Amino acid sequence: MKTVIVLGTWSSGSGAVSDYLSSRKEFYNPFGVNEFKIISDPMGLHYLFKNCYFQKDLLNPSHVFEEYKKYISNIQSYPVFSSYGKKKLLYDKSINTLTNKFLNDITLIKYYGLPHYKSLSLDFDKKLFLKFRRKLSSKSIPDLKVLPIITPVNSNKFIKKAREYILNIIKTSSKVKIKNKIILLNNGADICDPLTSSQYYYNPKIICVTRDPRDIYCGMKSRQAGSTPWYDVKIFVKWYKYYFGNKDFKKKLKNKSILSIKFENFINNFEQENRKICKFLNINEKVEFDKKNKKIFDINISKKNIYKSKKLISKKDFNFIESSLKEYLQW
């Protein structure tokens, strides 16, 4: 099964590319207009992997196992907008069972204890509760099973089990049979680490969408997006240079496994960019929209979102971004 992952930063226009592909007959997006954040979120799957194998520590895996389990429990019960004014749960409750199985599958050694860092993090009520339990039951700390101390399996087995796990999440979240479909996921990996964070899929194809920084800032400011430096143009410029102006990021975009698309080109030269996308994904250039999804993508609406920064941000901010990030401008 092929999985296509469309990546972009906030207000990058990656949603338009994702919507276009989601509308085609060959594709199926089990999460609709919502992003698939389980891998890229802090405390997500990629965070779990990195902390088990790249930041080796005797207790790091134990901590991140616990954090990941909490994260999945929280994301399962967190409602998202399925349409205007309507909310729903994005993931089936079975994700908790799938997660417990996955964590068990990637555990080589497990025992119980109460390490110093965990003891420090316990609130007063929890400490008091443990104290009374120990006195009343005469049980030792291991018997109380406060924290599983984990040693993970090797990284190759982790990735193998992670692929099975992610596929099962996609299957349980799908309303149709996905056997003959190309799975499409919007922001299903980390834009700053597109290759490594996509290793949890079978046969992934990655499309990275970039956009003119003036319009990115404009989008952030218009939405007052909570994760972004929308309120200070100087901080935005520093932020943009740090993440997207470095040599490592530019090098990643040139990788053969990644197709880099400029949002402005995608909208203004759709036929040309569509040919590029179809060649990369090995699909027919002729666009056949799924009847149910054909209204998801409207290029005319997307055209209205280009060059908005000319009107919606101050001339001072516009000129500052233009002069500070001139090598990254796309129009």
Side-chain angles (χ1 to χ4, degrees), residues 1 3 5 30 36-78 89-123 126-127 129-130 133-134 137 139-173 183 185 188-190 193 195-204:
M1 184 185 71
T3 305
I5 304 140
F36 183 62
K37 302 293 287 181
I38 283 176
I39 286 173
S40 61
D41 262 350
M43 297 187 294
L45 183 61
H46 196 42
Y47 170 86
L48 178 68
F49 177 79
K50 289 187 293 183
N51 278 274
C52 281
Y53 303 105
F54 293 141
Q55 299 181 35
K56 285 198 173 182
D57 180 276
L58 289 173
L59 295 172
N60 228 30
S62 309
H63 175 65
V64 293
F65 266 54
E66 183 183 32
E67 290 296 300
Y68 185 71
K69 196 170 181 179
K70 288 178 185 175
Y71 166 77
I72 290 296
S73 178
N74 289 336
I75 203 172
Q76 187 280 320
S77 58
Y78 185 77
L89 294 178
L90 198 58
Y91 303 101
D92 187 82
K93 287 184 179 180
S94 63
I95 192 174
N96 290 310
T97 302
L98 292 173
T99 298
N100 288 335
K101 182 182 183 306
F102 166 64
L103 293 177
N104 186 60
D105 287 343
I106 61 168
T107 297
L108 179 66
I109 302 168
K110 180 170 75 171
Y111 59 94
Y112 293 92
L114 182 59
H116 181 250
Y117 87 87
K118 182 63 178 176
S119 181
L120 285 174
S121 66
L122 294 176
D123 59 35
K126 183 69 175 176
K127 287 180 179 178
F129 176 71
L130 286 174
R133 278 196 67 190
R134 288 186 70 184
S137 63
K139 288 185 176 181
S140 65
I141 287 292
D143 291 330
L144 295 175
K145 297 185 176 181
V146 181
L147 179 76
I149 311 296
I150 302 294
T151 301
V153 296
N154 65 60
S155 59
N156 288 334
K157 187 171 182 180
F158 181 106
I159 293 167
K160 179 185 175 183
K161 292 298 178 181
R163 286 173 180 167
E164 295 173 6
Y165 167 62
I166 290 297
L167 180 58
N168 283 329
I169 291 175
I170 290 170
K171 284 180 177 179
T172 57
S173 302
I183 297 300
L185 299 171
D190 183 356
D193 188 14
L195 290 169
T196 311
S197 64
S198 298
Q199 67 185 332
Y200 315 107
Y201 301 102
Y202 293 104
N203 305 314

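Since the model is a prediction, treat every value here as computed from it, not as a measurement. Throughout, residue positions are numbered sequentially from 1 according to the sequence presented. Side chains are part of it too, since the values below use all heavy atoms of this structure and drop only hydrogens, waters and symmetry mates.
The two residues Y117 and S62 make their nearest non-hydrogen contact at OH-C, 4.0 Å. Residues P30 and I183 come closest through the heavy atom pair CD-CG2, 4.2 Å. Residues L114 and S119 come closest through the heavy atom pair CD1-N, 4.0 Å. Considering all non-hydrogen atoms of both residues, T3 and Y202 come closest at OG1-O, 3.7 Å. Between A189 and I39, the shortest heavy-atom distance links the atoms CA-CG2, 4.4 Å. Of all the heavy atoms in Y91 and S173, the pair that sits closest is CD2-OG, 4.0 Å.
Aromatic ring orientation, H46 versus F49: parallel (interplanar angle below 30°, classes split at 30° and 60°).
Rounding to the nearest 0.5 angstrom, the gap separating the OG1 atom in T97 from the CD atom in Q76 is 9.5 Å. Rounding to the nearest 0.5 angstrom, the gap separating the CD1 atom in I166 from the CG atom in L185 is 9.0 Å. Of the inter-residue distances, the one linking N60 atom CG with K50 atom NZ reads 12.0 Å to the nearest 0.5 angstrom. Between N168 atom CG and K101 atom NZ the span is 8.0 Å, to the nearest 0.5 Å. Here the CD1 atom belonging to I75 is positioned 9.5 Å from the NZ atom belonging to K37, to the nearest 0.5 angstrom. To the nearest 0.5 angstrom, K145 atom NZ is 11.0 Å from S140 atom OG.
Residues F36 and I5 are not in side-chain contact: their nearest non-hydrogen atoms beyond the backbone lie 4.5 Å or more apart.
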(request) For side chain to side chain contact (heavy atoms under 4.5 Å, CB included), just list the numbers for L98 and I169, CA-CA rounded to whole Å, side-chain angles, deciding distance to a tenth of an Å, and then say yes or no. (result) CA-CA 8 Å; L98 292 173; I169 291 175; 4.2 Å; yes
(request) Decide side chain to side chain contact (heavy atoms under 4.5 Å, CB included) for L103 and I106; before the verdict, give the C-alpha distance in whole Å, the side-chain angles of both, and the deciding distance to 0.1 Å. (result) CA-CA 5 Å; L103 293 177; I106 61 168; 4.1 Å; yes
(request) Apply the test side chain to side chain contact (heavy atoms under 4.5 Å, CB included) to residues I72 and N96: give CA-CA distance (whole Å), side-chain angles for both, the deciding distance (0.1 Å), then the verdict. (result) CA-CA 7 Å; I72 290 296; N96 290 310; 3.8 Å; yes
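Looking at residues two or more places apart in sequence or on another chain, you find a ring-ring contact (aromatic ring centres under 6.0 Å, His included) between Y165 and F102.
A side-chain contact (heavy atoms from CB on, under 4.5 Å) with M43 is found for exactly one of E66, E67, K69, namely E67.
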What pairs of donor and acceptor atoms, side-chain ones from residues 147-162 against any protein atom, are under 3.5 angstrom apart with sequence neighbours left out?
unit_1	atom_1	unit_2	atom_2	d
N154	OD1	N156	N	3.2
N154	OD1	K157	N	2.9

